[in-house]
Amino acid sequence: MYFIANWKMFGDLTTLNSLDKVIKFSKNIKKNKIKLIYCPPSTLIRPLSKRLKKTKIEVGAQNCHYSYDTGAYTGQVNTRMLKSVGAKYVIIGHSENRQLGDNDKLINLKIRSATRAGLKVIFCIGETLEQKKNKKTNYVLANQIKNGLKSIKNKSNIIVAYEPVWSIGSGLIPKSDELIKSIAYIKSKLGNKFIKILYGGSVNSNNVDKLKIITGIDGFLIGGASQNSNKFIDIIKKTIN
Ligand code: 13P
C-alpha cells in the first residue's frame, strides 16, 4: 500500500522535526509492506531527502514545469532539477493546479518530462461536483486519462491518484459503491492492470477503514491529515492492521 503525503503549501525547516515519529514508526514496519512518500513544498525537498537518507521513506515534488530543458521560465523548476535534489516522484495534474491553468496538454508534457528524467509520476484525476451532478464523472475521467497519458507508451512509472475535486479538503468521501465503480472504470481505461491506483480526498483515520476495503485501491494520497505525524501514522496503522 502507498501512503503519499501531499503537504501542499505548508511546512518549513522546523516542521521537518515532526517527522522523527514517522521515521521511527517506519523502521518497525516490514519491508515491502508499505511505501511511504512525502511530497513537501519544493523548498523542503533537499533538506527532507537528506534527513530521510537512511530510511525507507522517499521524497517527491508537488509539481514541475513541462520543459525538460532549462530555460527562461521565471519561478519554475523542471523535472531534472527536482531529481537532482532528491525527488523520486512528482505529483502532476493535481486539481489545485488544474484550477490554476494546468490543462490536459500541459499535464501530458509534464508527465513526459518527468518520465524522461526518471521520476515516478503521481498523476491526479477527478471530477468536480458539478460534473458529478451532471453524471459526467466517467466522461471526465476517460478524457483526463486519454489526454494526460497520450503517447506515453511505457506506463511503468505512472501511479494514478483518483481525487474527486469535491472531496478534497471537504471532509466528504464518495459512497463505497460509487468509488468501486470509479476505480474499476479508471482501471479499464488505463488498459494496464499493473498501474497502481490511489484514492485521495479527505482521507483520515476515521474513514480509512471504509476506504481500504475498496477493490482496486493501492493506497492513499493524503493532504491535511499528512501534516500531523500522529494522524498520518494512525491512517497507516488502521490500513495495514
Ligand atoms: P485532503 O486530504 O486535505 O482532502 O487533500 C487531498 C489532496 O488533495 C491530496 O493531494
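All ligand and atom numbering here is 1-based and tracks the order in the structure. Computed from a prediction, not measured in an experiment: that's the story for all the values here.
Ligand 1 has a nitrogen or oxygen under 3.5 angstrom from a nitrogen or oxygen of Gly224. Every N/O-N/O distance between Glu96 and ligand 1 stays at or above 3.5 Å. The shortest N/O to N/O separation between Ser170 and ligand 1 does not fall below 3.5 Å.
Heavy atoms of Ala225 come nearer than 4.0 angstrom to ligand 1 in no pair at all. Contact between Gly169 and ligand 1 is present, with at least one heavy atom of the residue lying under 4.0 Å from the ligand.
The part of Asn6 lying near ligand 1 is the side chain, judged by heavy-atom distances below 4.0 Å.
Results of the side-chain hydrogen bond (donor to acceptor under 3.5 Å, both in side chains) test with Asp104 over Gln144, Lys146, Arg98 single out Arg98 as the only residue that passes.
Applying the side chain to side chain donor-acceptor pair (under 3.5 Å) definition to pairs two or more places apart or across chains, those involving residues 214-233 are Lys21-Asn230.
There is a side-chain donor-acceptor pair under 3.5 Å between Asp12 and Thr14.
Here is the list of ligand 1 atoms found below 4.0 Å of a heavy atom in Leu221: 9 (C), 10 (O). Counting the atoms of ligand 1 from 1 in the order shown, those under 4.0 Å from a heavy atom of Lys8 are 5 (O), 6 (C), 7 (C), 8 (O). Near Gly201, meaning under 4.0 Å from one of its heavy atoms, ligand 1 places the atoms 4 (O), 6 (C).
Annotation: cation-pi geometry not satisfied between Lys110 and Tyr66 (NZ/CZ under 6.0 angstrom from ring centroid, within 45° of ring axis).
For the pair His94 and Gln62, the minimum side-chain heavy-atom distance is 4.5 Å or more.
Ranking protein heavy atoms by distance to atom 2 (O) of ligand 1, first place goes to Gly223 N, 2.9 Å. In terms of protein heavy-atom proximity, atom 9 (C) of ligand 1 is nearest to Glu163 OE2, 2.9 Å.
Residues Tyr89 and Tyr38 keep their aromatic ring centres 6.0 Å or farther apart.
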Evaluate side chain to side chain contact (heavy atoms under 4.5 Å, CB included) for Val160 paired with Ile195, printing each intermediate quantity in order.
CA-CA 7 Å; Val160 172; Ile195 298 180; 4.0 Å; yes
